[in-house]
Amino acid sequence: MKRFVYADNAATTRISPQVLDAMMPWLTDGYGNASSIYRKGREARIAMEEARHKIERALGVPESRPDFPVEVYFTSGGSEADNWAIKGVAHLMAQQGKKHIITTVFEHHAVLHTCAALEKEGFDVTYLPVSDKGLIDPAQVEQAIRPDTALVSVMYANNEIGTIQPIPEIGAICKQHGVLFHTDAVQAVGNLPIQVAEQNIDLLSLSGHKLHAQKGIGVLYCRKGIKLPNLIDGGAQERGHRAGTENIAAIVGLGAAVEAACADIAGRAARLSAMRDRLIAAIGQIPRVHLNGDAVRRLPGNVNFSFEGVEGESLLLMLDALGICASSGSACTSGSLDPSHVLLGIGLPHEVAHGSLRLTFSDENTMEEIDYILDVLPGVIERLRAMSPLWERMSKA
Ligand SMILES: *Cc1c(COP(=O)(O)O)cnc(C)c1O
């Protein structure tokens with residue numbers, strides 16, 4: 001029986017019915033420009049500001065703390081938020097002679113390539129190595145801080161191996177040393193409790209399409225007082241920092257998605273980790289497999305294995321033929337033959353990194369789907385290994 005199982009929710013998610021419902025009025029009758037003063041415009045502005053408040057609340061912005069004013073800027077997604085946060089802080093702090101940035105080797109390319117661009121401009125970037133379990137030690141961050149350090153950027157949870165970083169500890173260290181702290185929380189929002197104030201997070205990126213909102217919408221949260229340079233010059237939208245008529249439907253949908261995701265973090269963790277742990281236990285029975293990333297400090301919906309003697313692309317194609325959507329490395333690296341920088345970062349040899357499989361789940365998945373994956377996966381691995389000259393050599397060794 002052919003089935004369809006979408007197990008690539010770290011790449012993107014389906015728009016949920018409740019998000020679509022929230023968006024629909026703003027795609028039809030609610031077409032007013034949020035800058036217009038008549039009712040149709042004012043209604044759009046009110047809807048947008050409500051979405052902004054929902055996001056502030058979900059991120060743990062204190063309701064009534066005048067000492068913690070914040071800005072939530074709508075962006076075109078996680079990549080734009082990462083670019084703006086890092087380039088913005090870099091250019092801001094360069095005016096004070098601070099031109100050093102600390103990040104890690106296993107960030108998303110939106111962070112890594114932004115840092116590489118800054119290096120070309122003369123900034124100095126330290127890329128912290130990650131442990132074989134996929135974790136950063138806060139002490140590494142502290143040791144790397146210099147008098148000219150402008151920014152630390154460490155992702156909240158990794159998109160490939162799902163490992164969760166010690167963000168509150170890193171935030172405390174940055175605060176103590178007077179260094180700004182950015183975290184790419186695209187994979188974390190709705191999966192982990194985020195408290196920007198308590199966790200000393202100065203800047204945070206999130207993206208709609210990873211949590212059942214639309215593609216092309218995201219947020220850069222920024223503690224007020226950080227005078228980020230404008231991203232887009234033009235009209236007065238987003239307090240003049242990012243001009244352009246706002247996409248109200250996408251913004252309202254994002255507000256609904258973030259609110260829904262953050263209202264049930266514990267429930268989602270329980271449901272998804274049951275699926276994850278069942279897969280991890282069963283796949284672990286296959287000979288010569290490695291779980292990538294720490295088994296405990298990992299996102300509830302993330303499973304990532306390497307199968308020795310298996311080629312990742314072939315594995316994905318065979319699973320696709322069985323109706324299973326999965327990924328090997330990240331969506332951004334598939335299409336190239338280089339193994340994932342994350343898997344190389346945790347120390348996997350090239351051949352092993354090539355044979356990796358990432359399965360990521362959301363509220364739309366069921367235990368029945370996990371059963372189906374477990375029904376077919378061992379046979380697929382066996383067939384691929386039977387065809388592999390590499391496996392033949394390895395299994396004799
Ligand atoms: C998907 C993702 C991004 C990019 O977000 P877009 O909205 O697709 O630009 C950035 N960082 C992480 C960790 C991601 O998973």
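Remember, it's 1-based here, ligands and their atoms both numbered in the order they're listed. Quick caveat, the model's predicted, so the values are computed rather than measured.
The side chain to side chain contact (heavy atoms under 4.5 Å, CB included) test with Phe181 is passed by exactly one of Asn200, Val89, Val154: Val154.
Nearest protein heavy-atom contact of atom 11 (N) of ligand 1 is Asp184 OD2, 2.6 Å. Looking from atom 7 (O) of ligand 1 to the surrounding protein, the closest heavy atom is Ser207 OG, 2.6 Å. Considering only non-hydrogen protein atoms, atom 8 (O) of ligand 1 sits nearest to His209 NE2, 2.8 Å. Nearest protein heavy-atom neighbour of atom 3 (C) of ligand 1: His108 NE2, 3.4 Å.
Heavy-atom proximity to Ser79, at under 4.0 Å, picks out these atoms of ligand 1: 4 (C), 5 (O), 6 (P), 9 (O). In summary, the atoms of ligand 1 found under 4.0 Å from a heavy atom of Gly77, numbered by their order in the structure, are 7 (O).
Between Asp371 and Arg278 a salt bridge is recorded (basic side-chain N to carboxylate O distance below 4.0 Å). Looking at Glu49 and Arg52, a side-chain N of the basic residue comes within less than 4.0 Å of a carboxylate O on the acidic one, giving a salt bridge. Note on Arg358 versus Glu160: no salt bridge recorded, every NZ/NE/NH1/NH2 to OD/OE distance being 4.0 Å or above.
Note on residues 264-275: pairs passing side-chain hydrogen bond (donor to acceptor under 3.5 Å, both in side chains), not counting sequence neighbours, are Asp264-Arg271, Arg268-Asp363, Arg271-Asp363.
Checked against side-chain contact (heavy atoms from CB on, under 4.5 Å), Val125 has the following partners two or more places apart in sequence or in another chain: Ile101, Thr103, Cys115, Glu119, Tyr127.
With a 4.0 Å cut-off on non-hydrogen atoms, Lys210 touches ligand 1 through its side chain and not its backbone.
Remark: among candidates Ala11, Gly78, Gly218, the nearest residue to atom 6 (P) of ligand 1 is Gly78, based on non-hydrogen atoms.
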